[in-house]
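Here's the structure we're looking at; comments come further down.
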Amino acid sequence: MGQDTLFITTAIDYTNSAPHIGHAYEKLLADVITRYQRSAGKKAYFLTGVDQHGQKVQQSAELEGIPAQEFADRNTAKFVEMWKLLGLEYNGWAATTHPQHKAVVQVILQKLFDQDQIYKATHTGYYSVRQEQFLTDKERNEEGEFGSEWGEVEERKEENYYFKLSEHVPWLKAFVADHPDFVYPAFRGKELVNALDKADAIDLCITRPKSRLEWGIEIPFDTGFVTFVWFDALINYISFAGYLKDQVQVATEGLPDFAELWPANAHIIGKDIMIPAHAVYWPIMLHAMGFADEEMPKLLVHGFWNDKGGAKLSKSLGNVIDPAERIERFGADGLRYYLMSAMATGKDADFNDSRIEEAYAHDLAGNLGNLLNRSLNMSKRYRASLLKKDADYDDDLNRELRDSFNKLPAAVAAHMENYQVHFALEEIWKSLTLCNQFVEHSAPWKLAKDEAEANRLDTVLYHLAEAMAQAAFHIAPVMPETSRRILEQLNFEFPADLKATDIKWGILPDGHTLGEGTPLFPRLEPLP
RNA sequence: GUCAGAGUAGCUCAGUGGUAGAGCAGAGGACUCAUAAGCCUUUGGUCGGGAGUUCAAAUCUCCCCUCUGGCACCA
């Protein structure tokens, strides 16, 4: 099992539309967790991607008169471009039209079919010709009718293949009861327990006849059908992790070693796709495939970004947030900082443009950027940028600053291990505020005027530079580019094998020469 | 309808039985190394509404209101 390497995945996004802020948040959370774990000395593998199959893609492509693959590719490119803008560094890219993925899906389906886990049955129900789908009671309006949005609704019979989901529900109930950490945060786990108790377990329809849907993976035991959604999209978590790589060798280049990665430490998903897809179908699928209880993945369920005032962001309300626009104004790191600091992992948050302006101006430009700038400038002005590490002076102000930074690695680690990125950032920013207070209380500009205070001035300047270096290390998972630029201005590089949890005061060597300071986060012109 | 979550200062949120908190915004002040930044002080709240339990409730119980998500053939 994957004890050495942490395996972090995200949901794969549906390529029917362009990425929005919710997509960006989820991928960013995965990126930040992965980067942090690496900085703590662990190996980590970050998988994300796109779900390219499905009826909506087929329909949208038909509307435009282009092949489905071309339509999916075009939207896929939008996601790839956005993730580049946001500065994501993922190790694996799960695009469901990948030949290896398709082959693995088919092998899994054949195996389950041979084991009598999949059977054929006829479903009779109400069918919307316009939407090309069967309707359930949920689609009925308040009068109990199917509204005009469904067009002509007729009764129809259709043959399909079904997966024996219901057979495994008792196992899942027991598994969930025995593994309270299956879902994070805990209240989502309660939701799952209640859902399992209440719902009637029925089997899962896993195909569509080709007459209705062609844009999918053909099932191996009946060429008249394609698999749809579940045994396609969910399988990405293992097919792109190298599952069955030794037996299925269609296109295995670049795939990781499954035994090293699995089980996933965190499937990062939104609260909307937890039940039933990720918390019911997926563990049962794995169980049916022969995965043991200790080989089950863990779910990390995040909330939604809402509008100011809590209304949801949606196309129809015209209040969608385009990540690219915010990146253009605040930089990738500006948006990354806001998204990570303004949401408590697992809960909903309101996306607020005046808050992101304030966060940029106060937290980034003021507290952090200005602090670096004033620190470098004073060293340059008073000591020609030359640091003296062991000057013969110490006092409570110095000690307080050192204590704050010496305690930071453990504090950050505790929060990051619980995925509470916003608390980790808060801890780091408390130390930055302390640095600014330290400058005021030490008043280097006064020390510089008094030759008797020379040693003290050296220690103050060293403390500031050292603090900035350590801060650069700690913010790197959330703001990698800013971290790099701070170190560049400090004219310093950390040893590649330095672990976040091993950081101790005194990393900058005696006699180190600092670089030139330039604003990290320039003041922004007010919006019109 | 039902399950879960949320409702606390202008804003964003901590706070699960013991005198209501933080950051930001607002107000006042001192300083000058710095991006008019940063520092110090400070105004501000019937804790969604109602009832109950308790010596004591933001916190526990019940009812109600508003918002978010799920409810098993959307992904």
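Protein chains get the first letters and strands the later ones, always in sequence-line order, with residue 1 at the start of each. Keep in mind the model is a prediction, meaning the values are calculated, not measured.
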Write down the distance separating the [atom1] atoms in [N] and [M], rounded off to the nearest Å.
{"N": "C40(B)", "M": "C11(B)", "atom1": "C1'", "value": "24 Å"}
{"N": "C64(B)", "M": "G70(B)", "atom1": "P", "value": "24 Å"}
{"N": "U42(B)", "M": "G1(B)", "atom1": "P", "value": "49 Å"}
{"N": "U46(B)", "M": "C3(B)", "atom1": "C1'", "value": "32 Å"}
{"N": "A37(B)", "M": "C31(B)", "atom1": "C1'", "value": "13 Å"}
{"N": "G45(B)", "M": "G17(B)", "atom1": "P", "value": "27 Å"}
{"N": "U12(B)", "M": "G7(B)", "atom1": "C1'", "value": "14 Å"}
{"N": "U8(B)", "M": "A22(B)", "atom1": "C1'", "value": "12 Å"}

Please determine, by modelled atom types, if [X] and [Y] share a side-chain donor-acceptor pair under 3.5 angstrom.
{"X": "His287(A)", "Y": "Glu167(A)", "value": "no"}
{"X": "Asn377(A)", "Y": "Lys380(A)", "value": "no"}
{"X": "Glu155(A)", "Y": "Thr124(A)", "value": "no"}
{"X": "Gln69(A)", "Y": "Asp73(A)", "value": "yes"}
{"X": "Asn16(A)", "Y": "Ser60(A)", "value": "yes"}

Atom [atom1] of [X] to atom [atom2] of [N]: distance rounded to whole Å?
{"X": "Asn75(A)", "N": "A75(B)", "atom1": "CG", "atom2": "P", "result": "16 Å"}
{"X": "Asp307(A)", "N": "U68(B)", "atom1": "CG", "atom2": "C1'", "result": "13 Å"}
{"X": "Met274(A)", "N": "G5(B)", "atom1": "CE", "atom2": "C1'", "result": "11 Å"}
{"X": "Lys347(A)", "N": "U12(B)", "atom1": "NZ", "atom2": "C1'", "result": "13 Å"}
{"X": "Asp353(A)", "N": "C24(B)", "atom1": "CG", "atom2": "P", "result": "20 Å"}
{"X": "Phe187(A)", "N": "A6(B)", "atom1": "CZ", "atom2": "C1'", "result": "9 Å"}
{"X": "Asp348(A)", "N": "G70(B)", "atom1": "CG", "atom2": "C1'", "result": "13 Å"}
{"X": "His278(A)", "N": "A72(B)", "atom1": "NE2", "atom2": "C1'", "result": "15 Å"}

Could you tell me whether the phosphate oxygens of [N], OP1 or OP2, come under 4.0 Å of any side-chain nitrogen or oxygen in [X]?
{"X": "Lys198(A)", "N": "A4(B)", "answer": "no"}
{"X": "Gln437(A)", "N": "C40(B)", "answer": "yes"}
{"X": "Lys271(A)", "N": "A75(B)", "answer": "no"}
{"X": "Lys312(A)", "N": "G69(B)", "answer": "yes"}
{"X": "Tyr126(A)", "N": "C73(B)", "answer": "no"}

If each of Ile273(A) and Val169(A) is mapped to the nucleotide of RNA chain B with the nearest heavy atom, which maps nearer the 5' terminus, i.e. the 5' end? Val169(A)
On RNA chain B, nearest-nucleotide positions of Ala342(A) versus Arg355(A): which is more 5'? Ala342(A)
What one-letter contact string describes nucleotides 27-34 of chain B from 5' to 3', where B marks a base within less than 4.0 Å of any protein heavy atom, S marks contact via sugar-phosphate atoms alone, and - marks no contact? -----SBB
How is [X] classified with respect to the nucleic acid when contacts are heavy atoms under 4.0 Å: base, sugar-phosphate, or nothing?
{"X": "Leu196(A)", "value": "base"}
{"X": "Arg208(A)", "value": "base"}
{"X": "Phe521(A)", "value": "base"}
{"X": "Ala349(A)", "value": "sugar-phosphate"}
{"X": "Asp13(A)", "value": "nothing"}
{"X": "Leu371(A)", "value": "nothing"}
{"X": "His422(A)", "value": "nothing"}
{"X": "Ser354(A)", "value": "nothing"}
{"X": "Gly366(A)", "value": "sugar-phosphate"}
{"X": "Trp230(A)", "value": "base"}
{"X": "Tyr127(A)", "value": "nothing"}

Just compare [options] and give me whichever is closest to any side-chain atom of [X].
{"X": "Asp272(A)", "options": "C39(B), G69(B), C74(B)", "value": "G69(B)"}
{"X": "Asp51(A)", "options": "C73(B), A75(B), A4(B)", "value": "A75(B)"}
{"X": "Arg523(A)", "options": "U35(B), U12(B), A72(B)", "value": "U35(B)"}
{"X": "His362(A)", "options": "A4(B), U68(B), C24(B)", "value": "C24(B)"}
{"X": "Pro519(A)", "options": "A72(B), U35(B), A75(B)", "value": "U35(B)"}
{"X": "Phe304(A)", "options": "C73(B), A4(B), U68(B)", "value": "U68(B)"}
{"X": "Tyr14(A)", "options": "C39(B), C3(B), A75(B)", "value": "A75(B)"}

Watson-Crick or G-U wobble partner of [N], both distances under 3.5 Å:
{"N": "C24(B)", "answer": "G10(B)"}
{"N": "G69(B)", "answer": "C3(B)"}
{"N": "C39(B)", "answer": "G29(B)"}
{"N": "A34(B)", "answer": "none"}
{"N": "G18(B)", "answer": "C55(B)"}
{"N": "A75(B)", "answer": "none"}

Do [X] and [Y] sit within salt-bridge range, that is, some charged N less than 4.0 Å from a carboxylate O?
{"X": "Arg355(A)", "Y": "Asp350(A)", "answer": "no"}
{"X": "Glu481(A)", "Y": "Arg336(A)", "answer": "no"}
{"X": "Arg485(A)", "Y": "Glu488(A)", "answer": "no"}

Are the aromatic ring centres of Trp429(A) and Tyr337(A) under 6.0 angstrom apart? yes
Base C39(B) paired with His441(A) side chain (donor-acceptor, <3.5 Å): no
How close do Leu339(A) and Tyr25(A) get, heavy atom to heavy atom, and via which atoms? O-CE1, 3.7 Å
Do we get Lys388(A) above Tyr462(A)'s six-membered ring, with its NZ or CZ under 6.0 Å from the centre and within 45° of the axis? no
Classify the ring geometry of Trp230(A) against Phe228(A): parallel below 30°, tilted from 30° to 60°, perpendicular beyond 60°. perpendicular
